[in-house]
Amino acid sequence: MREYITAFLLVFGTLGMLLAGLGMVRLPDLFMRMQATAKAATIGLGGLLGGATVAMWSRNVVALVLLTLIFTFAIIPVAAQLIARAAFRMGVPLWERTRENDLIRKKPSRTRPFID
């Protein structure tokens with residue numbers, strides 16, 4: 001039974017990584033690519049590490065994988081958001097068919113102060 005769980009998690013993680021790679025190739029601008037790679041690579045890495053944990057079941061492996069997953073799930077989304085924000089401030093162009101841009105400076109409303 002352990003082999004089936006390992007195989008499922010490894011295939012799931014591999015598909016997540018494949019989706020991240022396809023997102024890098026197929027999506028039109030930097031911001032969409034950042035989102036695809038951050039989400040799919042995080043989920044893909046979780047599946048791959050989960051499969052490795054089930055295959056090599058020991059306390060040391062479980063502890064290392066849990067620490068790796070905690071740091072990965074905390075750091076990758078934040079890093080992607082900060083990189084995208086820096087790219088936006090540097091003037092990296094959006095895709096020409098982008099309809100809404102929530103990062104443009106708008107006038108502050110009376111009820112809510114403007115925070116940059």
Side-chain angles (χ1 to χ4, degrees):
M1 185 65 176
R2 184 195 284 179
E3 291 85 15
Y4 292 120
I5 295 171
T6 300
F8 173 77
L9 288 172
L10 290 176
V11 168
F12 178 75
T14 303
L15 289 176
M17 292 293 189
L18 178 67
L19 285 175
L22 287 175
M24 284 293 293
V25 173
R26 299 282 302 170
L27 291 174
D29 70 348
L30 173 90
F31 303 102
M32 290 184 195
R33 290 177 186 157
M34 292 284 297
Q35 179 194 21
T37 55
K39 288 184 180 185
T42 302
I43 290 176
L45 182 65
L48 292 174
L49 288 175
T53 303
V54 173
M56 301 180 292
W57 193 258
S58 73
R59 273 189 235 155
N60 292 338
V61 172
V62 171
L64 288 174
V65 166
L66 283 177
L67 284 173
T68 304
L69 286 176
I70 288 170
F71 287 124
T72 299
F73 281 30
I75 291 172
I76 287 179
V78 173
Q81 195 271 338
L82 290 175
I83 291 169
R85 181 180 235 178
F88 181 79
R89 288 185 176 178
M90 286 178 51
V92 173
L94 295 171
W95 184 36
E96 65 269 359
R97 289 178 39 190
T98 300
R99 283 187 256 146
E100 189 172 325
N101 183 359
D102 290 334
L103 294 177
I104 290 179
R105 281 187 171 262
K106 297 179 182 176
K107 287 185 178 181
S109 65
R110 290 182 188 222
T111 59
R112 189 180 65 151
F114 179 71
I115 298 173
D116 186 24

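Heavy atoms only: backbone and side chains are in, while hydrogens, waters and symmetry mates are out.
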How far apart are the closest heavy atoms of G23 and A36, and which atoms are they?
-> CA-CB, 4.0 Å
Smallest separation among heavy atoms of T72 and P77, with atom names = O-CD, 3.9 Å
Search all heavy atoms of A41 against all heavy atoms of A20 and return the closest pair with its distance.
-> N-CB, 3.9 Å
Report whether L9 and M1 are members of the same hydrophobic cluster (ILVMFWY, side-chain heavy atoms less than 4.5 Å apart, transitive linking).
-> yes
Does CZ in R26 sit with more than 12 non-hydrogen atoms of other residues, nucleotides or ligands closer than 6.0 Å?
-> no
Measure the CZ-CZ distance between R85 and R89 for me, rounded to the nearest 0.5 Å.
-> 4.5 Å
Consider only side-chain heavy atoms of I, L, V, M, F, W and Y, link residues closer than 4.5 Å, and tell whether V11 and L19 are in one cluster.
-> no
Roughly how far apart are T37 OG1 and I83 CD1, rounded to 0.5 Å?
-> 8.5 Å
Rounded distance [0.5 Å steps], CG in L22 versus CG in L15 = 10.0 Å
Please report the shortest heavy-atom distance between M24 and R33, naming the atom on each side.
-> O-NE, 3.4 Å
Please round to the nearest 0.5 Å and tell me the distance separating atom CD1 of I76 and atom CD1 of I43.
-> 11.0 Å
Side chains of L10 and L48: closer than 4.5 Å at any heavy-atom pair?
-> yes
Reported CE-to-OG1 distance for the pair M56 and T6, which is rounded to 0.5 angstrom = 9.5 Å
Check F12 against G47 and note the closest heavy-atom contact, atom names and distance.
-> CD2-CA, 4.2 Å
Considering only heavy atoms from C-beta outward, does the side chain of M17 approach that of L45 to under 4.5 Å?
-> yes
Working to the nearest 0.5 Å, report the span between CE of M32 and CE of M34.
-> 13.5 Å
Considering all heavy atoms, the nearest A38-A80 contact = CB-CB, 3.7 Å
So if you build clusters from Ile, Leu, Val, Met, Phe, Trp, Tyr with side-chain heavy-atom gaps below 4.5 Å, do L64 and V61 land together?
-> no
F8 with V54, same ILVMFWY side-chain cluster at under 4.5 Å = yes
